[in-house]
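Because the structure is a prediction, the values reported are computed rather than measured.
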Amino acid sequence: HRSGLARGDLVWYAGDLPRDSILYRVRYLKPSWSLRSQFGYQNIMYLVAGLVVESVTGKTWDEFLKERIFSPLKMTGTATNRDSITSESNFALPHIQNKPIKPLNMHNISPAGGVDSNIDDMLTWMQMLLAHGRINDTTILKDGTINTLTSVKTLFSNNKDDGYGLGWYIRHTKNGKVINHNGGMPGYISSVVLFPDSSSGIVILTNKISQVNDELVKAITGYMAQKDTFNWKEADKNMSGKSTVFDWDKKRKPQPKKSAVIPNFNRYEGEYEDTAYGKAVIRREKGKPFLELLPTKDFFSGFLYNIDEDKCKIVFNDLFVPEGEVIFVRDTNKKITGFKLNIDSDDFLFNDLAFDKIP
């Protein structure tokens with residue numbers, strides 16, 4: 001997470017680019033800051049780690065995990081390709097606006113967040129980590145490997161004991177060392193917390209993004225520290241009283257009919273391209289102005305609505321992405337040469353994209 005590169009999640013999200021093609025496009029990502037100067041979460045660098053595994057072992061990352069982790073731990077409900085388990089009747093569908101949505105297949109970025117599992121398998125995996133890499137009489141990871149994974153590599157503050165290890169956030173409290181990591185995608189969020197000093201752990205898997213995970217972790221951690229005096233009624237009250245509604249769970253308002261008319265729309269029509277992301281097309285759909293980002297057109301496409309000259313509102317199909325703006329760029333001769341996206345999303349940095357019009 002110290003590569004200095006922009007996150008670049010739009011290169012892989014909801015698309016079908018193979019893993020090596022995603023890595024190839026890293027060369028087009030613009031630096032956000034200099035190499036190793038600060039922490040910046042980077043999913044694609046997890047993909048790089050997965051490809052290193054393939055290069056060293058001669059096996060796919062998926063085969064390696066199954067052989068070295070899943071099979072020895074008997075994690076039969078865990079997979080790296082979602083298509084292999086979504087057909088099961090007890091698969092938990094993700095939810096947005098309290099309705100089930102189709103889960104994304106994360107296979108192209110699986111080393112960063114494409115492992116699906118269940119509580120039983122996760123508990124077995126956590127027990128192995130807490131037992132210094134052993135389960136029963138089998139060694140899965142060496143003790144030194146566990147120490148490497150869970151020791152600070154990147155500092156967040158002046159406290160040398162708190163920071164980020166290899167795939168873990170690390171902090172020290174009065175009750176001992178705590179290592180944790182969350183993971184989230186549209187309609188899903190997971191939380192894993194390990195307390196090595198007491199050989200305890202927490203895992204929470206939820207098929208709707210809310211404050212429940214964090215509040216449950218807080219409550220369970222409080223109980224572990226003060227079992228005799230912990231007030232569950234107060235914890236439940238605090239949890240029930242927090243009801244932040246995220247943008248993707250808010251019902252979208254209908255757009256004014258008059259805004260569907262964009263003056264001189266033909267000047268904006270055509271093909272555009274961003275070197276890292278790929279192509280986009282602005283055209284008419286059912287007679288209305290329409291934008292689609294071709295690599296992920298099932299998610300990132302939608303009608304355009306007039307704001308003023310060279311600026312439109314875009315409402316993508318993907319409910320996880322808020323409404324935003326398309327801002328067109330002109331040259332000195334007033335000719336349209338491209339557009340940028342202004343979308344306030346904490347997850348996907350649309351502002352990093354710059355689409356040039358293809359002549």
Side-chain angles (χ1 to χ4, degrees), residues 5-32 43-44 47 102 104-105 108-109 186 252 255 258-345 347-359:
L5 293 175
R7 285 191 62 156
D9 288 341
L10 290 167
V11 174
W12 57 262
Y13 175 78
D16 56 6
L17 274 180
R19 294 174 185 174
D20 55 352
S21 295
I22 294 172
L23 179 58
Y24 179 86
R25 295 196 181 195
V26 166
R27 69 192 61 202
Y28 300 119
L29 297 179
K30 297 176 181 178
S32 296
N43 285 304
I44 293 178
L47 172 59
K102 182 180 179 180
L104 292 173
N105 190 330
N108 65 347
I109 196 71
R252 288 177 169 175
Q255 302 297 323
K258 64 179 182 179
S259 66
V261 178
I262 298 177
N264 302 311
F265 179 67
N266 61 308
R267 75 177 69 173
Y268 306 116
E269 290 183 279
E271 281 192 323
Y272 298 76
E273 186 171 20
D274 175 87
T275 51
Y277 178 81
K279 292 183 178 180
V281 172
I282 293 179
R283 58 178 178 82
R284 292 185 183 274
E285 171 76 13
K286 298 178 181 179
K288 299 178 182 179
F290 192 77
L291 165 66
E292 56 184 351
L293 307 188
L294 295 181
T296 49
K297 61 183 180 181
D298 291 340
F299 291 83
F300 296 152
S301 63
F303 291 103
L304 296 169
Y305 300 92
N306 185 56
I307 297 178
D308 55 32
E309 186 177 22
D310 294 344
K311 183 184 290 187
C312 303
K313 178 182 286 187
I314 176 65
V315 183
F316 281 133
N317 293 334
D318 191 346
L319 294 174
F320 199 62
V321 176
E323 298 177 0
E325 297 175 341
V326 178
I327 303 172
F328 291 94
V329 179
R330 293 175 182 266
D331 61 17
T332 54
N333 296 319
K334 303 296 184 181
K335 183 179 178 181
I336 299 293
T337 58
F339 71 83
K340 288 185 68 68
L341 292 167
N342 181 23
I343 299 176
D344 186 15
S345 170
D347 298 277
F348 306 111
L349 304 182
F350 288 92
N351 297 32
D352 288 341
L353 302 179
F355 289 90
D356 295 321
K357 193 166 188 181
I358 300 174

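- Note on ring orientation: taking the six-membered ring where Trp is involved, the planes of Phe300 and Phe316 are tilted (angle from 30° to 60°).
- Residues Trp12 and Leu47 are not in side-chain contact: their nearest non-hydrogen atoms beyond the backbone lie 4.5 Å or more apart.
- The distance from atom CG of Leu23 to atom CG of Leu17, rounded to the nearest 0.5 Å, is 11.5 Å.
- Note that CG of Leu10 and OG of Ser345 are 8.0 Å apart. Values are rounded to the nearest 0.5 Å.
- By the neighbour-count criterion of 12 heavy atoms within 6.0 Å, atom CG of Asp20 is densely surrounded, having more than that number from other residues, nucleotides or ligands.
- Between Leu294 and Val281 there is a side-chain heavy-atom pair separated by less than 4.5 Å.
- Ring planes of Tyr28 and Tyr24: perpendicular class, angle over 60° (limits at 30 and 60°).
- At most 12 heavy atoms of other shown residues, nucleotides or ligands fall within 6.0 angstrom of atom NZ in Lys297.
- A donor-acceptor distance shorter than 3.5 angstrom exists from the side chain of Thr337 to the backbone of Val329, with no hydrogens or angles considered.
- Screening Glu292, Glu269, Glu271 against Arg283 for a side-chain hydrogen bond (donor to acceptor under 3.5 Å, both in side chains) leaves a single residue, Glu292.
- The minimum heavy-atom distance linking Tyr277 with Leu293 is given by the pair OH-CB, 3.3 Å.
- In this pair, Tyr272 and Phe328 present their aromatic rings tilted. The plane angle is within the 30 to 60° band.
- Other residues, nucleotides and ligands place no more than 12 heavy atoms under 6.0 Å from the CG atom of Asp344.
- Across all non-hydrogen atoms, the minimal contact from Glu285 to Phe303 is O-CE2, 3.4 Å.
- In terms of heavy atoms, Leu29 sits closest to Gly8 at CD2-CA, 3.8 Å.
- Distance alone, capped at 3.5 Å, places no donor-acceptor pair between the Arg7 side chain and the Phe348 backbone.
- Annotation for Ala276 and Val11: closest pair O-CG2, 3.8 Å, computed over non-hydrogen atoms.
- Across all non-hydrogen atoms, the minimal contact from Ile343 to Ile314 is CD1-CG2, 4.4 Å.
- The distance from atom CD1 of Ile262 to atom CZ of Arg284, rounded to the nearest 0.5 Å, is 8.0 Å.
- How far OG of Ser32 is from CG of Asp352: 6.0 Å, rounded to the nearest 0.5 Å.
- Judged purely by atom type and a 3.5 angstrom limit, Asn342 has no side-chain atom pairing as donor or acceptor with the backbone of Glu325.
- Here CG of Asn43 is found 12.5 Å from OH of Tyr13. Values are rounded to the nearest 0.5 Å.
- The NZ atom of Lys311 lies 5.0 Å from the CD1 atom of Ile327; values are rounded to the nearest 0.5 Å.
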*After noting the C-alpha distance and the side-chain angles of Ile44 and Ile22, does the key distance pass the side-chain contact (heavy atoms from CB on, under 4.5 Å) rule?*
CA-CA 8 Å; Ile44 293 178; Ile22 294 172; 4.2 Å; yes

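- Tested against Asp310 for a salt bridge (charged side-chain N to carboxylate O under 4.0 Å, His left out), the candidates Lys335, Arg330, Lys340, Lys334 yield a single pass: Arg330.
- Checking side-chain atoms of Asp274 against main-chain N and O of Ala354 turns up a donor-acceptor pair under 3.5 Å.
- Using a cutoff of 4.0 Å between basic side-chain nitrogens and carboxylate oxygens, Glu323 and Arg252 are not scored as salt-bridged.
- Heavy-atom minimum distance, Leu291 versus Ile282: CD1-CG1, 3.7 Å.
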*Could you go step by step and tell me if Tyr268 and Val326 meet the side-chain contact (heavy atoms from CB on, under 4.5 Å) rule?*
CA-CA 11 Å; Tyr268 306 116; Val326 178; over 6 Å; no

